[in-house]
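Because the structure is a prediction, the values reported are computed rather than measured. Per chain, numbering begins at 1; letters A, B, ... match sequence-line order.
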Amino acid sequence: MAKDNKQEFVQHITPRDVDFSQWYTDVVLKSDLMDYTPVRGCMALKPYGYGIWELIQAEMDARFKATGHKNVAMPMLIPESLLLKEADHVEGFAPEVAWVTQGGGEVLPERLAIRPTSETIFCTMYAKWVQSWRDLPMKYNQWCSVMRWEKSTRPFLRTAEFWWQEGHTVHATAEEAQEETLQMLGVYQEFCEHVLSVPVYAGQKSDKEKFAGARATYSVEAMMQDGKALQAGTSHNFGTNFSEPFEIQFLDKDGTLKFAHETSWGTSTRMIGAVIMTHGDERGLKLPPKIAPIQVVILPIAAHKGGVNEACADIAGKLKAAGLRIELDDREGYSAGWKFNEWEMKGVPLRLEVGPRDLEAGQVTAVRRDTYEKMQLPLEGLTEKVAELLADIQRNMYDIAHAFQQAHTKVVHTMQELGEQVNGGYAKTMWCGERACEDAIKEQFSATSRNMPFDQTPVGDTCVCCGKKADKVMYFAKAY
RNA sequence: CGGGGUGUGGCGCAGCCUGGUAGCGUACGUGCUUUGGGAGCAUGGGGCCAAGGGUUCAAAUCCCUUCACCCCGACCA
């Protein structure tokens with residue numbers, strides 16, 4: 001009986017296991033995160049979606065500051081001549097750049113790119129700002145939006161304009177740059193796992209998959225519930241690839257002029273897509289408490305009776321005072337059932353129901369979004385208990401996602417096994433390091449190399465594709 | 001960029017084949033009764049039918065063009 005009811009309530013969402021793409025679109029729209037706009041491929045972030053982004057920004061920015069970075073703001077327009085300075089970089093980004101060709105009714109002498117990423121403008125400024133070893137390291141970050149003229153788009157996962165942060169740093173030595181690159185990848189991993197409750201594989205990209213202009217690219221890769229991988233963040237070591245054409249030089253302690261070593265690293269609103277596809281279920285969005293704009297929704301039941309309103313206001317005040325993000329849903333004209341479904345759709349981690357029967361018993365009814373577990377909580381010490389529950393939900397969501405990731409990762413030794421495995425997860429395997437083998441795997445199975453984990457304990461000794469001696473452990477998967 | 005699909009009050013759809021006063025559900029406004037898993041009755045407001053062009057006495061409907069979005073591939077955070 002209860003099961004029939006459940007299906008009736010969620011009939012508005014396409015079931016996840018029937019059509020994952022449609023389910024994703026349904027959730028994004030019905031949970032009110034964003035809306036489509038008249039601008040091709042560009043979304044409007046609505047308050048609830050932007051609220052998630054603001055919390056992500058706050059958590060992440062604190063980590064950047066703690067590791068010695070400062071925020072700056074750069075122009076959104078980049079003169080074409082700057083974009084052309086690093087050959088691999090321009091080759092990688094040129095096809096998807098949007099151009100400004102006119103200003104004030106006049107055709108511009110040099111067209112301006114709307115930034116697809118800001119390496120070139122940062123480098124130009126760093127060339128002015130860096131003179132001496134005393135200026136280094138220079139570790140800046142900016143929060144902004146960038147534009148890439150994508151052919152096909154999907155909310156949060158791939159849009160023409162997207163919001164992100166891009167860190168750009170300058171160092172005196174190769175060692176320092178590499179240390180920075182790995183440190184920030186570590187920040188991303190810790191952030192994904194502890195704030196988003198999204199487990200990731202951290203490792204190094206192949207040459208084929210690395211960033212245009214980078215010497216080495218590292219990534220954190222998440223696993224979505226349809227078995228596809230999603231790159232959640234990247235960190236690049238440029239060496240002197242950019243500092244040479246942009247002439248970022250400094251006078252070192254030994255009195256010689258040297259090219260600086262640079263890094264860049266970025267994460268975007270795409271992480272919201274990762275959260276949706278990692279945690280969501282048949283009833284909609286499921287948000288980890290740390291990035292939930294509303295952590296607890298308080299629902300008065302039979303509000304006119306027995307001091308329910310007063311009790312709700314009191315509870316709301318106490319939870320707010322404790323620093324929790326709460327919503328008191330005292331809207332009239334909506335049934336309790338309607339509200340239950342609404343807040344579940346929006347992924348609110350914890351719901352407190354306050355009715356006359358609860359109050360008589362000196363308690364409230366609580367329902368967790370992660371497990372649907374219903375429990376009675378005494379009014380006495382409620383704030384502490386709610387805080388504990390939120391922390392437990394945060395952990396539990398990670399545990400569930402981690403179990404899923406592990407269950408969808410398998411060591412494979414043959415191309416046939418690899419082909420089967422990438423239909424529903426990661427294939428962990430040995431790879432010889434040759435581009436040709438990556439190309440063959442992509443050709444046959446539409447799967448790409450994701451990254452090489454730092455733990456390179458061999459799982460075999462020959463390449464899964466060509467059968468030659470191989471010493472690289474690589475994850476392959478189909479990816480977003 | 002290929003293949004398929006959809007554009008009609010905020011949302012979901014019917015109407016189109018066979019041209020003739022733009023409809024239904026829901027949401028929204030108001031009033032009353034309700035409220036522990038998507039409440040009920042009454043009443044009211046809201047749409048040049050994606051855009052542009054054509055055929056016709058007459059176009060949501062037929063023809064052409066463009067745009068946007070969705071799904072599946074290829075390409076890229």
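Considering only side-chain N and O atoms, Tyr334(A) lies under 4.0 angstrom from the phosphate OP1 or OP2 of rC28(B).
Residue His69(A) is tested with Trp143(A), Tyr140(A), Trp265(A) for a ring pair (Phe, Tyr, Trp, His ring centres under 6.0 Å); the sole match is Trp265(A).
Rounded to whole angstrom, the span from the CG atom of Asp26(A) across to the P atom of rU6(B) amounts to 18 Å. Remark: C1' of rG36(B) and CG of Leu359(A) are 12 Å apart, rounded to the nearest angstrom. Distance CD1 (Ile301(A)) to C1' (rU34(B)): 13 Å, rounded to an integer number of Å. Counting to the nearest Å, the P atom of rG37(B) and the CD atom of Glu353(A) are 8 Å from each other. The distance from atom CE of Met345(A) to atom P of rC11(B) is 16 Å, rounded to the nearest whole Å. If you measure from atom CD of Glu332(A) to atom C1' of rG40(B), you get 16 Å, rounded to the nearest angstrom.
The residue Arg351(A) sits close to a base: some heavy atom pair falls under 4.0 Å. Residue contacts shown for Pro356(A) include a base, since a base heavy atom lies under 4.0 Å away.
Here the side chain of Trp431(A) pairs a donor or acceptor atom with the backbone of Glu434(A) at under 3.5 angstrom.
One C1' atom belongs to rC62(B), the other to rG20(B), and the distance between them is 15 Å to the nearest Å. When the P atom is compared between rC48(B) and rU8(B), the two are found 13 Å apart, to the nearest whole Å. For the P atoms, the distance from rA39(B) to rC75(B) is 48 Å, rounded to whole Å. rC70(B) sits 43 Å from rU33(B) when the C1' atoms are compared, rounded to a whole Å. Remark: the separation of the P atoms in rG9(B) and rA50(B) is 8 Å, to the nearest Å. Nucleotides rU34(B) and rC72(B) place their C1' atoms 48 Å apart, quoted to the nearest Å. Using atom P as the reference point in both rA14(B) and rU6(B), the two lie 10 Å apart (nearest Å). Distance check on atom P: rA60(B) versus rG47(B) gives 16 Å, rounded to whole Å.
Base pairing annotation: rC1(B) forms a Watson-Crick or G-U wobble pair with rG73(B), both donor-acceptor distances under 3.5 Å. Pair check for rG23(B) finds rC13(B); Watson-Crick or G-U wobble, both atom distances under 3.5 Å. When Watson-Crick and G-U wobble pairs are counted only if both distances are under 3.5 Å, rG36(B) pairs with no nucleotide at all. Under the Watson-Crick or G-U wobble criterion, with both distances below 3.5 Å, rC62(B) is paired with rG54(B). Summarising the base pairing, rG46(B) is matched to no nucleotide, lacking a Watson-Crick or G-U wobble pair whose two defining distances lie under 3.5 Å.
In this view, Phe340(A) satisfies the ring-ring contact (aromatic ring centres under 6.0 Å, His included) rule with no residue, not counting sequence neighbours.
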Per-nucleotide protein contact string for nucleotides 66-77 of chain B (B base, S sugar-phosphate only, - none; heavy atom under 4.0 Å): --SSSSS-BSBB
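No hydrogens or angles were tested; on distance alone, a donor-acceptor pair under 3.5 Å links the side chain of Glu344(A) to the base of rG37(B). Donor-acceptor pairing under 3.5 Å, judged by distance alone, is absent between the side chain of Ser335(A) and the base of rG37(B).
In this structure, the side chains of Leu230(A) and Arg270(A) come closer than 4.5 Å at one or more pairs of heavy atoms. By the 4.5 Å heavy-atom criterion applied to side chains, Leu352(A) and Leu319(A) are counted as neighbours.
Both tests pass for Lys85(A) against the ring of Phe246(A): distance under 6.0 Å to the centre and angle within 45° of the axis.
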Going through the distances and angles, do His89(A) and Phe242(A) end up as a ring pair (Phe, Tyr, Trp, His ring centres under 6.0 Å)? CA-CA 9 Å; His89(A) 189 67; Phe242(A) 283 86; 5.2 Å; yes
Between Phe191(A) and Phe64(A), is a ring pair (Phe, Tyr, Trp, His ring centres under 6.0 Å) present by the stated rule, with each step listed? CA-CA 11 Å; Phe191(A) 175 85; Phe64(A) 297 159; 8.6 Å; no
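Residues Ser264(A) and Glu166(A) bring no donor and acceptor atom of their side chains to less than 3.5 Å of each other.
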